[in-house]
Amino acid sequence: MIVILKHGTKEDKKEQLISWLKSQGVDIHISVGSYQTVLGLVGDTSQVDKDLVASLDIVDSVKTVSDPFKCCNRKFHPDDTIVTVGDVKVGGGNFCMIAGPCSVENEEQIVGIAKAVKASGANMLRGGAFKPRTSPYDFQGLKATGIELLKIARQETGLPIVTEVMGVNDLPLFEDVDVIQIGARNMQNFDLLREVGKLRKPILLKRGLASTIKELLMSAEYIMAGGNEQIILCERGIRTFDDYTRNTLDLAVVPLLHELSHLPVIVDPSHATGVARLVRPMALAGVAAGCDGLIIEVHNDPMHALCDGAQSLRPEEYDSLCRAVNGIREVVTK
């Protein structure tokens with residue numbers, strides 16, 4: 001249920017209503033816009049007298065929300081959420097470029113790539129320290145050492161760092177990480193979602209390999225229910241019957257998520273295609289679809305990368321892509 005207050009409602013009247021609604025056993029999600037304030041009622045609203053609330057002189061209207069996701073629903077929060085990472089903003093017209101290698105391999109590699117992508121226009125650095133791999137014999141990442149190397153790259157370049165957490169037990173290692181990524185395989189790891197919901201740190205939430213849009217939003221709801229509203233949704237392709245690409249990039253999800261939710265949406269064309277030559281056209285298509293950012297894998301020597309070299313751009317290719325992205329954005333933002 002959402003309660004829309006009339007424009008110009010006095011603060012004391014609003015607080016009285018919120019206090020009474022909370023006494024009915026529901027939580028209140030407050031969204032203050034330029035022309036109206038929306039109170040989102042989360043929980044068992046069956047005890048709330050809808051007609052009584054609608055009759056109050058400060059209430060413009062009362063609506064029932066049937067969607068199972070509440071906190072991340074645009075009906076609850078009409079204005080775009082802007083996620084702030086240091087000096088970088090994502091959403092609400094702010095575009096982010098996240099780039100870096102699939103895996104952190106050594107200091108020279110991660111620092112060199114960080115400097116290169118920053119020079120091209122990236123404003124966040126990605127790099128895997130913990131790697132979920134299909135085969136137990138593949139490179140699993142440098143783990144804690146990888147995070148320390150990411151910190152060195154951040155110190156050298158000033159770029160905020162984005163890296164993936166694999167489990168609840170590893171969270172203490174991520175205290176100094178700027179953005180914690182929840183990967184596709186962990187999108188429905190509900191214990192992990194609950195724990196990052198307790199943090200006040202931006203979360204990059206990737207869509208699962210075979211997850212519906214509703215399931216992605218419900219995973220975001222788990223995080224928001226814990227009090228963490230700093231969430232960036234990521235479309236990274238879903239598994240279909242086709243085998244020419246690693247996954248199938250579902251770009252229709254970008255405008256659809258913007259309709260359903262106030263959270264920013266970015267696109268990962270690297271994992272979606274798995275083929276370096278396809279990353280550029282699909283990245284540009286994502287920008288044209290209205291995404292709030294891109295996360296791209298970049299490696300200085302893809303042929304010898306320890307992980308996902310086939311989908312990684314070289315620094316000079318990324319530089320060319322960044323210029324093309326700026327051109328597309330000039331068109332779509334007019």
Side-chain angles (χ1 to χ4, degrees), residues 31 67-85 88-99 122-124 126 160 162 164 178-184 186-188 193 196-197 201-224 228-238 247-273 279 281-297 321 325-326 328-329 331-333:
S31 175
D67 297 317
F69 48 93
K70 309 296 183 184
C71 296
C72 63
N73 199 312
R74 189 172 285 280
K75 295 173 184 176
F76 273 50
H77 192 297
D79 296 330
D80 291 340
T81 285
I82 298 175
V83 175
T84 302
V85 187
V88 180
K89 293 183 178 180
V90 189
N94 301 283
F95 195 84
C96 73
M97 291 290 285
I98 308 171
N123 44 24
M124 282 194 264
R126 63 143 293 142
V162 182
E164 181 176 352
D178 300 293
V179 179
I180 296 178
Q181 176 180 308
I182 303 294
N186 268 320
M187 191 206 80
Q188 290 185 308
L193 298 178
V196 298
K201 185 186 290 289
I203 305 298
L204 174 58
L205 179 64
K206 286 196 167 188
R207 184 181 181 184
L209 279 71
S211 298
T212 66
I213 294 169
K214 182 182 289 186
E215 287 169 339
L216 172 62
L217 290 172
M218 290 307 297
S219 291
E221 192 77 8
Y222 263 92
I223 300 172
M224 294 191 74
N228 188 353
E229 300 181 358
Q230 297 290 290
I231 303 169
I232 303 167
L233 302 175
C234 181
E235 166 57 36
R236 45 81 69 205
I238 53 176
N247 295 288
T248 298
L249 180 55
D250 180 11
L251 286 180
V253 79
V254 175
L256 187 53
L257 282 173
H258 281 145
E259 285 183 14
L260 296 170
S261 177
H262 52 88
L263 298 175
V265 183
I266 70 170
V267 169
D268 176 356
S270 301
H271 283 90
T273 64
V279 170
M282 298 318 298
L284 298 180
V287 176
C291 69
D292 298 297
L294 296 168
I295 179 167
I296 308 283
E297 292 196 351
L321 172 60
V325 165
N326 291 335
I328 297 292
R329 289 202 69 235
V331 175
V332 298
T333 56

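Heavy-atom basis, side chains included; hydrogens, waters and symmetry copies ignored.
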**Report entry** More than 12 heavy atoms of other groups within 6.0 Å of Lys201 NZ
**Finding:** yes

Query - Derivation and outcome, side-chain contact (heavy atoms from CB on, under 4.5 Å), residues Leu321 and Leu284 - result: CA-CA 8 Å; Leu321 172 60; Leu284 298 180; 4.0 Å; yes

Considering all heavy atoms, the nearest [X]-[Y] contact:
{"X": "Val267", "Y": "Gly286", "value": "CG2-CA, 4.5 Å"}
{"X": "Cys234", "Y": "Ile295", "value": "SG-CG2, 4.1 Å"}
{"X": "Thr84", "Y": "Gln230", "value": "N-OE1, 3.3 Å"}
{"X": "Ser219", "Y": "Gln188", "value": "OG-CG, 4.0 Å"}
{"X": "Val254", "Y": "Gly290", "value": "CG1-C, 3.7 Å"}
{"X": "Val88", "Y": "Pro160", "value": "CG2-CG, 4.3 Å"}

Is the shortest heavy-atom distance from the side chain of [X] to the side chain of [Y] under 4.5 Å?
{"X": "Cys72", "Y": "Ile231", "value": "no"}
{"X": "Val196", "Y": "Tyr222", "value": "no"}
{"X": "Ile98", "Y": "Cys96", "value": "yes"}
{"X": "Ile213", "Y": "Arg207", "value": "yes"}
{"X": "Val162", "Y": "Val85", "value": "no"}
{"X": "Thr81", "Y": "Glu229", "value": "no"}
{"X": "Lys214", "Y": "Leu217", "value": "no"}
{"X": "Ile203", "Y": "Val83", "value": "no"}

Counting distance only, does the side-chain N/O of [X] pair as donor-acceptor with the main-chain N or O of [Y] below 3.5 Å?
{"X": "Asn186", "Y": "Ile182", "answer": "no"}
{"X": "Ser211", "Y": "Leu216", "answer": "no"}
{"X": "Asn123", "Y": "Met97", "answer": "yes"}
{"X": "Arg74", "Y": "His258", "answer": "yes"}
{"X": "Asp67", "Y": "Phe69", "answer": "no"}

Query raised in the report: Pick from Leu257, Asp268, Leu249: which one makes a side chain to side chain contact (heavy atoms under 4.5 Å, CB included) with Glu235?
Result: Leu249

Report task. Take Leu193 and Leu205, measure what side-chain contact (heavy atoms from CB on, under 4.5 Å) needs, and give me the verdict at the end. Result -> CA-CA 10 Å; Leu193 298 178; Leu205 179 64; 4.2 Å; yes

Requested in this report: Report the C-alpha separation of Phe95 and Thr333 in whole Å, then their side-chain angles, then the decisive distance to 0.1 Å, and conclude whether the side-chain contact (heavy atoms from CB on, under 4.5 Å) test is met.
Outcome: CA-CA 11 Å; Phe95 195 84; Thr333 56; over 6 Å; no

Query raised in the report: How long is the gap from CD1 on Ile266 to CD1 on Ile232, to the nearest 0.5 Å?
Result: 6.0 Å

Query raised in the report: In Å and rounded to the nearest 0.5 Å, what is the CE to CE distance from Met224 to Met218?
Result: 12.0 Å

Report task. Determine, step by step, whether Ile296 and Ser270 satisfy the side-chain contact (heavy atoms from CB on, under 4.5 Å) criterion, reporting the C-alpha distance in whole Å, the side-chain angles of both residues, the deciding distance to 0.1 Å, and the verdict. Result -> CA-CA 6 Å; Ile296 308 283; Ser270 301; 4.0 Å; yes

Report summary line: By side chain to side chain contact (heavy atoms under 4.5 Å, CB included), Leu209 pairs with (sequence neighbours left out) Ala184, Arg185, Arg236, Arg239

Report task. Would you please name every residue forming a side-chain hydrogen bond (donor to acceptor under 3.5 Å, both in side chains) with Asn247, sequence neighbours left out? Result -> none

